[in-house]
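For reference, the structure is listed below as structure tokens.
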Protein chains: 2
Amino acid sequence: MVAPSLRARVRAGMIDEIKAVARRHLATDGANLSLRAVARDMGMVSSAIYRYFPSRDDLLTALILDAYQALGDAVEAADAAVDPVDLRGRWHAACRAARAWALAHPAEYALLYGSPVPGYAAPDDTVAPASRPPLALVGILRDGLASGRLRPPEEELPEPLRDDLAEVAAATDMALPPALLARGMAGWTQLFGLISFELFGRINRMLPHRDEYFDHQTALLADLIGLP
Amino acid sequence: MVAPSLRARVRAGMIDEIKAVARRHLATDGANLSLRAVARDMGMVSSAIYRYFPSRDDLLTALILDAYQALGDAVEAADAAVDPVDLRGRWHAACRAARAWALAHPAEYALLYGSPVPGYAAPDDTVAPASRPPLALVGILRDGLASGRLRPPEEELPEPLRDDLAEVAAATDMALPPALLARGMAGWTQLFGLISFELFGRINRMLPHRDEYFDHQTALLADLIGLP
DNA sequence: TCAAAAGAGAGAGCACTGCTCTTGACGAGG
DNA sequence: CCTCGTCAAGAGCAGTGCTCTCTCTTTTGA
């Protein structure tokens, strides 16, 4: 590993600083990020930004990737900090970590899970980081199944759905019965909905005690999944 | 009722046409709607639009109100078309109607339920139309409770949450026990999450049979709520 | 009936945006 | 020393929301 040249290090620092300033702007101006404003804050001219990011969308992509990474880290770390056999504890820890990260970084959460930016198409390398949070949740179910602490639901699924889910389970190396995978995805859907409603201000005025609400709703889904 | 003057009728027609063109643009360009482009499509100059909508945000508000209205109509009509005592049938009908409307009007759905437009604050008169879909769902539970076909869950809620939910129930004239209201809101959250994931392309590549997936997931929540 | 008032469209202009292209300066490697 | 790659700056293009003024037409009231 050769030491990076001075130029390379300065360049990396510039990229980091641009992203930091852009994140700050994201928090106030939302997804319509202005390259000129970022450049102004950095004391340079707008065209100079293009030396580091070929377009505004590329800067957005970099921010999105970083955000997925941070959210995935937070959820996985919270999950790993709990006794692996305590399935319900892991579930709540993972859910709370996702919510805490979203509340701490609302603009970045909106960038990840809000309405897609019109002309912008997320590149393929965002798919893997994007699937880390749901995979962490489903991993809890897989561990519970492996250790015998979680028994799969008995209901029958219609055939095409069962095949789809079996294929998903196979593609993600999760040996989960389709019905259980469906419940795990229901939990992930619910988690996303809870955070989005809270962040986008749909329940704030009527539910002052949001921590308790969140915990209760995630507990409901844990019941539905069958976590002991 | 005096007949509206010619000018008033022409003006109303203009407003409708502007909204129709704006909706068309919404479908392709998303929330960053261009007044100039709308004006261009109508063969007039951009400044003339301001005779009808004092700002771009006001045009957006008008579109949002119309969309809430349409979605509320769709959900309520679907609910009303089912035998009132068939709680599960009503639940599925309402959920399917919301999804169908969203799939038919993805851009408007994103306007309603996507990330909030940065500088834009929804005016107060959007609150009532916005609560129609969830109220339709909760209304199913209220009817089930009144007819004795639905028994409320027995779990205990933490006190602050119970009080919050009791207040919400009172404010909406829905005599629902807090635990049941919480489950109804879980259903609404799940419905929103399901539609959003499907519309924003998070499950499309892995689940080809989306109708079956949607029905199964809403059935899961119906089970959680306790619909017979 | 006829003038005053109100409504409507057009155009110019301001400050802003993303992005491209050209020009000139600077530093590291041969 | 000197060339070559990197960088910042500036001008410029096309587009944006919005305001102001000017003109023309329709409606209204005495």
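These numbers come from a predicted model, not from an experiment. Reminder, nothing fancy here: chain letters follow the sequence lines and each chain counts from 1. Scope of the values below: all heavy atoms of this structure, side chains included, with no hydrogens, waters or symmetry mates.
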(message) Once side-chain contact (heavy atoms from CB on, under 4.5 Å) is applied, do any residues pair with B/Val75, and if so which ones, sequence neighbours excluded?
(response)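 Residues passing side-chain contact (heavy atoms from CB on, under 4.5 Å) with B/Val75: B/Leu71, B/Ala94, B/Ala98, B/Ala136.
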(request) Kindly write out the residues that satisfy side-chain contact (heavy atoms from CB on, under 4.5 Å) with A/Ala102, not counting sequence neighbours, or none if the list is empty. (result) A/Tyr109, A/Ile195, A/Leu199
(request) Dump the intermediate steps for side chain to side chain donor-acceptor pair (under 3.5 Å) on A/Ser55 and A/Asp58, then the final yes or no. (result) CA-CA 5 Å; A/Ser55 82; A/Asp58 288 271; 2.7 Å; yes
(message) Would you say that A/Leu63 contacts A/Lys19 through its side chain, given a criterion of any heavy-atom pair below 4.5 Å between the two side chains?
(response)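 Yes, close enough: below the 4.5 Å cut-off.
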(message) Any heavy-atom pair between the side chains of A/Leu194 and A/Tyr213 that's under 4.5 Å?
(response)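 In short, these two side chains touch, coming nearer than 4.5 Å.
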(message) Under 4.0 Å from a heavy atom of chain B: give me the 5'-most and 3'-most nucleotides of DNA chain D that qualify.
(response) D/dT16 to D/dT27
(message) Please determine whether a side-chain nitrogen or oxygen atom of B/Tyr50 lies at a distance below 4.0 Å from atom OP1 or OP2 of C/dA8.
(response)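 No, B/Tyr50 has no side-chain N/O under 4.0 Å of OP1/OP2 on C/dA8.
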(request) Write down the distance between CD1 (B/Ile49) and P (C/dG7), rounded to a whole number of angstrom. (result) 18 Å
(request) Whole angstrom is fine here: how far is it from CG in A/Asp57 over to P in C/dC19? (result)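 That distance rounds to 7 Å.
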Could you pull out the protein-nucleic contacts involving nucleotides 10-12 of chain C (nitrogen or oxygen on both sides, under 3.5 Å)?
| unit_1 | atom_1 | unit_2 | atom_2 | d |
| --- | --- | --- | --- | --- |
| C/dA10 | OP2 | B/Val45 | N | 3.0 |
| C/dA10 | N7 | B/Ser47 | OG | 3.4 |
| C/dG11 | O6 | B/Ser47 | OG | 2.8 |

(request) Check DNA chain D against residues 13-27 of chain A and give the residues with a non-hydrogen atom under 4.0 Å, in numerical order. (result)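 The stretch gives A/Met14 as the residues lying under 4.0 Å from the strand, ordered by number.
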(message) If we ignore hydrogens and angles and just use 3.5 Å, is the side chain of A/Trp101 paired with the main-chain N or O of A/Asp73 as donor and acceptor?
(response)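 Checking the backbone N and O of A/Asp73 against the side chain of A/Trp101, no donor-acceptor pair under 3.5 Å is found.
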(message) With a 6.0 Å cut-off (strictly less than), is the heavy-atom count around CG of B/Asp16, excluding the residue itself, greater than 12?
(response) yes
N/O donor-acceptor pairs under 3.5 Å from side chains in residues 32-43 of chain B, not counting sequence neighbours:
| unit_1 | atom_1 | unit_2 | atom_2 | d |
| --- | --- | --- | --- | --- |
| B/Ser34 | OG | B/Arg36 | N | 3.4 |
| B/Ser34 | OG | B/Ala37 | N | 2.9 |
| B/Asp41 | OD2 | B/Arg24 | NH2 | 3.4 |

(request) Have a look at A/Leu33 and say if it touches a base, only the backbone sugar-phosphate, or nothing, with a 4.0 Å heavy-atom cut-off. (result) sugar-phosphate
(request) Report which part of the nucleic acid B/Phe53 touches: base, sugar-phosphate, or nothing (heavy-atom distance under 4.0 Å, all strands). (result)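 Nothing, no heavy atom under 4.0 Å.
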(request) May I ask you to check whether A/Tyr113 and B/Phe200 place their ring centers less than 6.0 Å from one another? (result) no
(request) Locate the shortest heavy-atom distance separating B/Pro129 from B/Tyr68; write the atom from each residue and the value. (result) CB-CB, 3.6 Å
(message) For A/Asp211, is there an ion pair with A/Arg96 - N to carboxylate O distance below 4.0 angstrom?
(response)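 No, no charged N to carboxylate O under 4.0 Å.
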